[in-house]
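Report on the following structure.
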Protein chains: 2
Amino acid sequence: MLRIGELATKTGLTAHTIRFYEKSGLINASQRSESGYRYYTDTDVRQVEFVKTARKIGFSVDDVSTLLSIRVDKSNHTCHDVTEITQRKLNDVNEKISELLLMQQTLKILLNSCCGGPESATHCSIMEALDASNALKPRIIAE
Amino acid sequence: MLRIGELATKTGLTAHTIRFYEKSGLINASQRSESGYRYYTDTDVRQVEFVKTARKIGFSVDDVSTLLSIRVDKSNHTCHDVTEITQRKLNDVNEKISELLLMQQTLKILLNSCCGGPESATHCSIMEALDASNALKPRIIAE
DNA sequence: TATAAACTTAGAGTTAACTCTAAGGTCAAG
DNA sequence: CTTGACCTTAGAGTTAACTCTAAGTTTATA
């Protein structure tokens, strides 16, 4: 049986975060001492690690909550239930990647267009591009 | 001279957002009527569009503030000043992309490992992977 | 027994960039 | 002169996921 600080050390979370997860309904200490101290079993540790793993993959706390409710009652859920959450998350991630790739491309174009030297910014092509307000136009880049 | 609502329509921002940008120090109406209405000139419009463009590229409001201070005093700034901000932003974006690609890869592996069908989740390989807590181990994927 | 480390709770603070609300003033049209 | 659209301000709310604080209690150690 671990106390919250020990669990924190073991999982690499903070005690604060563990309490926050508890408040969010993700985890619960199997036992409390008379004085109210939380005590965690091996099963609890595994659940916290599940949460940590899922969070690291990118699932929201809300997603993790759903995944946990499946986890405790697997036989009443299907693989489809699980892949649906996963697919939705993948779609989110794909969308964010697309946005970031667009930014990346634009930033690269801007950087390539500017000398970056100690010259006065009076004719800086980055500033000009931002002013032209067509800096976002899709372009074909010759690599 | 445009009133804030007209400027909003013209730029695709909301009047709220324009006021927020003003409070953030990004823009200012060139004139106010006696009763306090903001009136914007063409120069103002260009500045708002500069802000919008920069924000869309991914620069933070803070970055935009810096870029604007360069913009109004180009001769006292260098191309290096501008590329530095741009490069920093690009580094941020690159880092975020890396994180997201890692998530994407993991999510894809998870999805590939699971049938996604109406079968009970009792032996769902996604759930097992999350439980195994090695779902995050780097792997080589055969495409 | 004294002290320090670890624990408890409720609740506030953080971050970024808006977004919205309340309560009221202004202006053009009919 | 009334109605409705538009404007003003200050300030609160939103979102996500923590992160921290304050004030007090418990436990282990010397």
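Keep in mind it's a predicted model, so treat the numbers as computed, not measured. Chain identifiers are assigned alphabetically (A, B, ...) following the order of the sequence lines, protein sequences preceding nucleic acid strands; residue numbering begins at 1 within each chain.
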Less than 3.5 Å apart, which donor and acceptor atoms pair up between the side chains of residues 108-115 of chain A and the rest of the protein, not counting sequence neighbours?
unit_1	atom_1	unit_2	atom_2	d
A:Asn112	ND2	A:Lys108	O	3.4
A:Ser113	OG	A:Leu110	O	2.7
A:Ser113	OG	A:Ser125	OG	3.3

Under 3.5 Å, sequence neighbours excluded: what are the donor-acceptor pairs made by side chains of residues 92-102 of chain A?
unit_1	atom_1	unit_2	atom_2	d
A:Asn94	OD1	B:Gln104	NE2	2.7
A:Asn94	ND2	A:Leu90	O	3.3
A:Ser98	OG	A:Asn94	O	3.1

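To the nearest 0.5 Å, atom CZ of residue B:Phe59 and atom OG1 of residue A:Thr106 are 9.5 Å apart.
Here B:Tyr39 lies out of heavy-atom contact (under 4.0 Å) with every strand. Residue-level contact check: B:Ser24 touches neither bases nor backbone, having no heavy atom under 4.0 Å from any strand.
Annotation: side chain to side chain donor-acceptor pair (under 3.5 Å) contacts of A:Ser65 (sequence neighbours excluded): none. Residues that satisfy the side chain to side chain contact (heavy atoms under 4.5 Å, CB included) test with A:Asp81, not counting sequence neighbours, are A:Ile70, A:His77, A:Thr78. Take A:Arg19 and apply the salt bridge (Lys or Arg N to Asp or Glu O under 4.0 Å) test, not counting sequence neighbours, and it matches no residue. For A:Asp42, the side chain to side chain contact (heavy atoms under 4.5 Å, CB included) partners are A:Arg46, not counting sequence neighbours. Every residue two or more places apart in sequence or in another chain was checked for a side chain to side chain contact (heavy atoms under 4.5 Å, CB included) with B:Thr9, and none qualifies.
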Considering only nitrogen or oxygen atoms on both sides, find all protein atoms under 3.5 Å from nucleotides 1-5 of chain D and state each distance.
none

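Each of B:Val61 and A:Ala15 has a nearest nucleotide on DNA chain C; the 5'-most of these lies closest to A:Ala15. Along DNA chain D, the nucleotide nearest A:Ser35 and the nucleotide nearest A:His16 are compared for position; the residue whose nucleotide lies closer to the 5' end is A:His16.
Of the residues in residues 1-14 of chain A, not one places a heavy atom less than 4.0 Å from an atom of DNA chain D. Near DNA chain C, defined here as any heavy-atom distance below 4.0 Å, there are no residues from residues 87-101 of chain A.
The CD atom of A:Glu34 sits 17 Å away from the P atom of D:dT25 (whole-angstrom rounding).
Along DNA chain C, the stretch of nucleotides lying under 4.0 Å from any heavy atom of chain B spans, 5' to 3', C:dA17 to C:dC27.
Looking at A:Thr14 and A:Thr17, their side chains do bring a donor and an acceptor atom within 3.5 Å of each other.
Listed here is the closest heavy atom pair of B:Val64 and B:Ala54: CG2-CB, 3.8 Å. Taking every heavy atom of both residues into account, A:Ser30 and A:Thr41 meet most closely at OG-OG1, 3.5 Å.
Residue pairs meeting the salt bridge (Lys or Arg N to Asp or Glu O under 4.0 Å) criterion with at least one partner in residues 21-34 of chain A, sequence neighbours excluded, are A:Glu22-A:Arg32, A:Glu22-A:Arg38.
Between A:Arg32 and the phosphate of D:dT26, there is no side-chain N or O to OP1/OP2 separation shorter than 4.0 Å.
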Just do the side-chain hydrogen bond (donor to acceptor under 3.5 Å, both in side chains) check on A:Asp63 and A:Thr66 with the steps written out, would you? CA-CA 5 Å; A:Asp63 289 335; A:Thr66 308; 5.5 Å; no
